[in-house]
2 protein chains.
Amino acid sequence: MKAPTSLEFLTEALRRLPGVGPKSAQRMAYHLMQHDREGASLLGRALSQAVERVRHCASCNTFTEHEVCETCLDPERDAGLLCVVETPADQLMIEQTMTYKGLYFVLMGHLSPLDGIGPRDIHLEKLVRRATDGIVQEVVLATNFTNEGEATAHYISETLKARGLKVSRLARGVPVGGELEYVDAGTIARAMLDRRAT
Amino acid sequence: MKAPTSLEFLTEALRRLPGVGPKSAQRMAYHLMQHDREGASLLGRALSQAVERVRHCASCNTFTEHEVCETCLDPERDAGLLCVVETPADQLMIEQTMTYKGLYFVLMGHLSPLDGIGPRDIHLEKLVRRATDGIVQEVVLATNFTNEGEATAHYISETLKARGLKVSRLARGVPVGGELEYVDAGTIARAMLDRRAT
Ligand SMILES: [Zn+2]
Ligand SMILES: [Zn+2]
């Protein structure tokens with residue numbers, strides 16, 4: 001007694017999704033076949049369409065359906081500023097602050113030697129070409145303040161400074177609304193070192 | 001600034017999978033587009049193929065690509081015995097015990113009035129037709145020993161006994177290898193009531 005071939009094939013394929021193990025792949029396959037065949041068809045079409053249409057912006061590397069994305073084509077933006085982020089979601093967070101009017105470069109990840117993710121995987125050559133176009137004046141590093149994000153920022157900073165570019169990093173410090181009693185010591189130490197005249 | 005349409009469509013479609021919220025749908029979509037387009041195509045094909053090919057066995061209701069599944073067609077099995085289980089996975093567990101040589105009926109779920117899952121959703125009419133074919137002598141209820149499984153067993157038992165069928169239930173008791181100190185009181189109470197002469 002075994003599962004029908006196409007159901008086994010579906011269960012195997014669902015395991016390609018990050019965070020989906022054998023048990024949840026089986027649960028998903030059964031759920032779709034039993035309760036949501038329309039959803040299964042829809043997801044099938046969405047996958048084919050995305051594979052066909054989604055590519056990386058030739059300029060900033062984010063996902064787009066065009067050669068160059070809308071943000072990069074926006075003439076209102078300051079082309080002398082280039083902000084480097086790990087993901088499109090990070091870019092969206094910065095956009096929502098309304099404090100930045102320059103352009104972006106999206107790494108689509110961070111360096112992580114232990115996972116085999118090196119400079120090629122975060123499109124470093126493409127970033128160097130982009131940043132040395134003669135128009136960019138300053139590169140703002142906005143990778144995460146995690147170990148990997150900091151290492152990535154450090155690596156990019158060294159690479160770009162060697163090419164004579166001005167490189168900056170988002171300020172670290174006590175979060176807005178943060179109570180010192182509940183902020184970790186490392187953050188407070190950093191805020192002390194980076195203290196500013198008032 | 002917004003995500004490309006086909007990427008948004010994919011993220012929405014991934015939310016049709018059980019247990020996938022907006023954050024993990026986005027993570028999955030980005031992962032596939034960034035690191036595993038082959039996996040995305042494969043999953044797309046697997047979904048279309050499964051929707052097209054997988055159906056329910058006309059006899060036992062399990063998933064199959066044929067009109068009647070292999071198990072139901074096996075002439076070696078005792079057609080007088082019908083074991084009712086919630087899922088194909090439960091059926092597989094029982095097969096692995098090598099203690100049962102009859103046929104099966106797979107409910108594909110259990111009664112759960114709070115979730116709006118009633119007798120129709122567990123194919124009760126189909127089960128009644130199957131069990132009253134004149135060949136089945138005894139129906140063995142092997143739904144789970146959860147609240148919903150017990151309620152389902154009770155409901156099916158009443159329905160089938162009203163039609164003059166012999167209905168039994170898997171025995172409850174202390175698990176093999178179970179130490180009384182670590183078994184819950186309800187299980188021990190049940191084992192005491194169902195005690196057998198040695
Ligand atoms: Zn772009
Ligand atoms: Zn069958």
Side-chain angles (χ1 to χ4, degrees), chain A residues 1-7 9-20 24 26-56 62-66 69-71 74 87-89 91-92 95 104 108-109 121, chain B residues 1-7 9-20 24 26-56 62-66 69-71 74 87-89 91-92 95 104 108-109 121:
Chain A
M1 180 217 150
K2 57 183 180 45
T5 318
S6 53
L7 200 59
F9 177 38
L10 175 57
T11 306
E12 274 308 301
L14 283 163
R15 295 195 55 191
R16 300 290 278 257
L17 297 171
V20 175
S24 51
Q26 191 186 64
R27 197 164 50 91
M28 286 172 172
Y30 284 4
H31 171 85
L32 290 174
M33 288 305 102
Q34 174 65 9
H35 299 293
D36 194 12
R37 283 172 180 249
E38 193 195 310
S41 298
L42 190 81
L43 179 54
R45 285 197 303 277
L47 285 158
S48 317
Q49 201 179 93
V51 168
E52 195 182 296
R53 295 194 193 165
V54 175
R55 48 179 163 160
H56 292 276
T62 197
F63 292 126
T64 178
E65 293 184 2
H66 309 283
C69 78
E70 281 176 42
T71 307
D74 183 352
T87 65
Q91 180 182 354
L92 191 61
E95 283 292 288
Y104 290 90
M108 295 285 172
D121 302 295
Chain B
M1 179 219 151
K2 54 183 184 43
T5 318
S6 53
L7 200 60
F9 177 38
L10 174 58
T11 307
E12 275 307 301
L14 283 163
R15 295 193 55 193
R16 301 289 280 255
L17 297 170
V20 175
S24 52
Q26 191 186 64
R27 196 164 52 90
M28 287 172 171
Y30 283 5
H31 171 85
L32 290 173
M33 288 305 103
Q34 174 65 7
H35 300 294
D36 194 12
R37 283 172 181 250
E38 194 194 310
S41 299
L42 191 80
L43 179 54
R45 285 196 304 278
L47 285 159
S48 317
Q49 200 180 94
V51 167
E52 194 182 298
R53 294 192 193 166
V54 175
R55 50 179 162 160
H56 292 275
T62 197
F63 291 126
T64 177
E65 294 185 1
H66 309 281
C69 78
E70 280 177 42
T71 307
D74 182 352
T87 66
Q91 180 182 355
L92 191 61
E95 284 292 288
Y104 291 90
M108 296 286 172
D121 301 296

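Chain A is the first sequence line, chain B the second, and so forth, proteins listed ahead of strands; every chain is numbered from 1. Below, each value reflects all heavy atoms present in this structure, side chains not excepted, and no hydrogens, waters or symmetry copies.
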Decide yes or no on side-chain contact (heavy atoms from CB on, under 4.5 Å) for A/Leu43 and B/Arg16, but give the supporting numbers first. CA-CA 8 Å; A/Leu43 179 54; B/Arg16 301 289 280 255; 5.9 Å; no
For B/Arg37 and A/Val51, indicate whether the former's side chain and the latter's backbone hold a donor-acceptor pair under 3.5 Å. yes
Which bit of [X] is near chain A, if near means a heavy-atom gap under 4.5 Å: side chain, backbone, both or neither?
| X | value |
| --- | --- |
| B/Asp74 | neither |
| B/Glu38 | both |
| B/His56 | side chain |
| B/Arg55 | backbone |

What is the minimum heavy-atom distance between [X] and [Y], and which atoms define it?
| X | Y | answer |
| --- | --- | --- |
| A/Leu10 | B/Ala46 | CA-CB, 3.8 Å |
| B/Met33 | A/Val54 | SD-CB, 3.8 Å |
| A/Leu17 | B/Leu32 | CD2-CD1, 3.7 Å |
| A/Pro4 | B/Glu65 | CB-CG, 3.6 Å |
| B/Gln49 | A/Phe9 | OE1-CD2, 3.5 Å |
| A/Leu47 | B/Ala40 | CB-O, 3.7 Å |

If you tally heavy-atom pairs under 4.5 Å against chain A, which of B/Glu12, B/His35, B/His31 wins? B/His31
Residue, of A/Gln34, A/Met108, A/Arg53, that accumulates the most heavy atom pairs under 4.5 Å with chain B: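 The residue among A/Gln34, A/Met108, A/Arg53 with the greatest pair count is A/Gln34.
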Do the non-hydrogen side-chain atoms of B/Arg27 and A/Pro18 ever get within less than 4.5 Å of each other? yes
Minimum side-chain heavy-atom gap B/Val20-A/Met28 below 4.5 Å: yes
Within this structure, what is the OG-CD distance for the pair A/Ser41 and B/Glu52, rounded to the nearest 0.5 Å? 10.0 Å
